[in-house]
Amino acid sequence: MMNKLLEFEQPLIKAAPKLDHNQLPLFQTLVQYARRDVIPFDVPGHKMGAQMNPLRMVLGDMTMRMDVNSMKELDLLSHPQSVIKEAQELAADAFGADHAYFLVNGTTIGIIAMILAAVKPGETLLVPRNCHKSVMNGIILSGAKPIFIQPEVDLHFGIAHGVSVKNVRKALNENPETKAILVTYPTYFGAMNELVEICELAHERGVTVLVDSAHGAHLAFMPDDYIDPLTAGADAVTVSMHKTGGSLTQSSLLLLKGNRIAPERMQKIVNMLQTTSANYLLMSSLDVARREMVLFGKKRYRELKPIVMDAVLSIEANSNYEVLKEAYVEKYFQQSYDWTKLVIRVNGIGFTGFDVYTILKEEYGIQMELAEGYVIMAVISSFDTKESIDKLVFSLKDIEKKYGKHATIISTHVTTSEVNKLVLVPRDAFYAEQESIPIDQAVGRISADTLMIYPPGIPLVIPGELISNEVLNQYHYYCQTIGSVLTEAKEANHIKVVKE
């Protein structure tokens with residue numbers, strides 16, 4: 001068994017010409033070290049799984065032996081010189097980047113690092129209002145002045161898509177002092193705006209383009225004519241390899257291209273944010289996931305697409321379900337669409353997305369990515385199969401047959417139509433004197449808290465924003481439908497506000 005650990009599937013397509021992507025420098029070195037007869041007197045304290053316990057019983061001997069500390073032969077993430085450096089160079093080559101940084105604290109750290117590298121305290125950063133909470137945290141830590149751009153709101157599906165070129169141009173014209181713009185591409189629900197044009201608009205004005213591509217790790221390896229963020233012209237991109245690339249949860253990549261951000265500065269900032277005890281299981285999984293995507297990604301997605309397209313037709317056939325499709329997004333929002341995000345509008349059968357999400361899990365053993373007021377979403381990766389997708393289709397059809405109602409649910413609280421008014425720079429609100437009050441008494445007060453729905457991790461309100469009636473209504477809507485909203489206040493139905 002041990003001798004077979006390094007015997008891998010042989011590629012069916014040729015690797016990229018620059019570097020040999022068959023290589024797994026970090027993973028192979030780690031496996032070889034774990035096989036050695038080593039007596040550890042370093043950390044971690046489990047000593048390569050020296051004693052049998054529930055963790056070792058479930059995870060196995062090799063997993064415990066591969067959970068080791070930094071040393072000469074395994075390199076050091078904060079100052080890579082050998083196998084980690086080689087693995088990062090392969091990752092950069094795979095994505096067409098000049099530099100790649102392994103992240104073991106998730107894409108959250110990459111997003112914060114990009115913001116800290118691109119803007120200084122008081123400088124202006126353009127961001128879509130439907131960005132992830134980590135962007136808001138990056139704004140607080142950097143002291144940047146955010147200018148929020150309203151995304152394209154889809155009232156029919158009850159979700160938001162990407163920001164339009166028109167709104168980006170308007171924001172740039174109204175804020176000529178802007179230093180950087182952060183774009184989500186693709187959005188959580190799969191919309192991909194005209195990023196090439198946005199990059200051109202920004203670069204004409206000397207503005208750095210940062211991209212949160214947490215849900216787009218696969219784009220560079222799709223067989224279709226999808227444009228990945230670096231090809232579109234972005235300066236820095238963070239991708240969650242664990243979301244759609246096949247690595248272990250919490251492992252991501254930060255990619256850098258061009259000279260608008262110095263690689264040495266980015267390395268310094270990443271080192272400030274990441275642990276000095278980087279997990280080798282996570283890092284080696286990035287090495288493996290990169291190889292898989294480069295060598296097999298296009299073939300696997302090419303084979304998977306017709307299966308997904310057939311599933312879409314089957315879900316909609318003789319039903320009141322509707323699946324979000326590229327033609328729809330292009331027609332109404334002038335954006336392209338990533339078919340690996342299977343967004344299904346279920347309110348036509350008389351249920352909210354939260355209802356169907358719960359039924360799928362409790363009665364059919366199917367775990368969806370998320371639910372919203374009108375929709376549920378399944379994330380498709382190259383590891384999905386026809387069997388798993390067919391089971392989802394069958395379950396949806398069965399739910400409508402058993403429980404479907406002849407009534408469409410419509411709610412005014414599913415999507416927000418306005419950007420909250422920003423009264424204070426988020427960092428100033430974060431450090432201001434605060435008090436906790438009942439949220440029903442908070443309208444008109446300045447938030448010092450973040451109210452968030454997770455997933456997808458998009459805040460209803462952030463520090464520095466004025467709490468409006470719409471925020472309050474959305475808060476109560478989500479509390480009633482999903483049971484809770486993540487907040488920092490200790491008391492139920494309270495929120496921290498800036499003290500007057």
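Keep in mind that this is a model prediction, so the values were computed, not measured.
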With a 6.0 Å cut-off on ring centres, are Y188 and H215 close enough? yes
Can the ring centres of F221 and F95 be said to be less than 6.0 Å apart? yes
Worked check of salt bridge (Lys or Arg N to Asp or Glu O under 4.0 Å) between R300 and E292: CA-CA 10 Å; R300 290 173 182 170; E292 293 289 298; 3.1 Å; yes
Which distance, rounded to the nearest 0.5 Å, do you find between the OG1 of T238 and the CE of M114? 3.5 Å
Please confirm whether the backbone N or O of V104 pairs with a side-chain atom of Q274, one donor and one acceptor, at under 3.5 Å? yes
Taking every heavy atom of V211 against every heavy atom of A234, the minimum-distance pair comes out as CG2-CB, 3.5 Å
Value for OG (S336) from OH (Y185), rounded to nearest 0.5 Å, stands at 5.0 Å
Do the non-hydrogen side-chain atoms of L342 and V312 ever get within less than 4.5 Å of each other? yes
For the CG atom of L451 and the OH atom of Y475, what is their distance to the nearest 0.5 Å? 7.0 Å
Hey, is the main chain of D310 close enough, under 3.5 Å, to the side chain of S314 for a donor-acceptor pair? yes
Are a donor atom and an acceptor atom from the side chains of Y403 and E363 found within less than 3.5 Å of each other? yes
Modelled atom types, side-chain donor and acceptor of H46 and N53, under 3.5 Å: no
Applying salt bridge (charged side-chain N to carboxylate O under 4.0 Å, His left out) as the test, list every pair that has at least one member in residues 472-482; sequence neighbours left out. none
Working note: K299 + E303, criterion salt bridge (Lys or Arg N to Asp or Glu O under 4.0 Å); need CA distance, chi angles, decisive distance, verdict. CA-CA 6 Å; K299 175 182 180 294; E303 293 173 348; 2.7 Å; yes
Considering non-hydrogen atoms only, spot the tightest contact between H242 and S252 and give its length. CD2-OG, 3.8 Å
Does the pair D398/K402 count as a salt bridge with the N-to-O cut at 4.0 Å? yes
Output, in order, the C-alpha distance, side-chain angles, deciding distance and verdict of side chain to side chain contact (heavy atoms under 4.5 Å, CB included) for V31 and F27. CA-CA 6 Å; V31 170; F27 179 77; 3.8 Å; yes
Give me the ring orientation class for Y328 and H156: parallel if the planes are under 30° apart, tilted from 30 to 60°, perpendicular past 60°. tilted
Does a side-chain heavy-atom distance below 4.5 Å link V343 with Y337? yes
Do E152 and Y332 have side-chain atoms, one donor and one acceptor, less than 3.5 Å apart? no
Ignoring hydrogens and angles, write down the donor-acceptor pairs under 3.5 Å from the side chains of residues 346-358, residues two or more places apart or on other chains.
unit_1: N347; atom_1: OD1; unit_2: R345; atom_2: NE; d: 3.3
unit_1: N347; atom_1: ND2; unit_2: I409; atom_2: O; d: 2.7
unit_1: T352; atom_1: OG1; unit_2: F354; atom_2: N; d: 3.3
unit_1: T352; atom_1: OG1; unit_2: D355; atom_2: N; d: 3.1
unit_1: T352; atom_1: OG1; unit_2: D355; atom_2: OD2; d: 3.1
unit_1: D355; atom_1: OD2; unit_2: T352; atom_2: N; d: 3.0
unit_1: Y357; atom_1: OH; unit_2: Q367; atom_2: NE2; d: 2.7
unit_1: T358; atom_1: OG1; unit_2: F354; atom_2: O; d: 3.0

Would you mind reporting whether H476 and N473 have side-chain heavy atoms less than 4.5 Å apart? no
Just how far is it from atom SG of C131 to atom CD1 of I462, taken to the nearest 0.5 Å? 7.5 Å
To the nearest 0.5 angstrom, please state how far the CG atom of L254 sits from the CG atom of L103. 5.5 Å
Whether over 12 other heavy atoms sit under 6.0 Å from F430 CZ: no
Shortest non-hydrogen separation from V294 to A94 and the atoms involved: CG2-CB, 3.4 Å
Within the distance-only criterion (no hydrogens, no angle test), does the side chain of S164 pair as donor or acceptor with the backbone N or O of N167 below 3.5 angstrom? yes
To the nearest 0.5 Å, what is the distance between CD (E465) and CD1 (I467)? 9.5 Å
Where is the tightest heavy-atom contact between H161 and D154, given as atom of each residue plus distance? NE2-OD2, 2.9 Å
So, D224 side chain and Y226 main chain: donor-acceptor pair closer than 3.5 Å or not? no
Looking at L125 and A144, what are the two nearest heavy atoms and their distance? CB-CB, 4.4 Å
Taking Q150 for its side chain and R129 for its backbone only, find out whether a donor-acceptor pair lies under 3.5 Å. no
Are more than 12 heavy atoms from other residues, nucleotides or ligands located less than 6.0 Å from atom CE of M57? no
Pairing donors with acceptors under 3.5 angstrom, does anything connect the side chains of D449 and H494? no
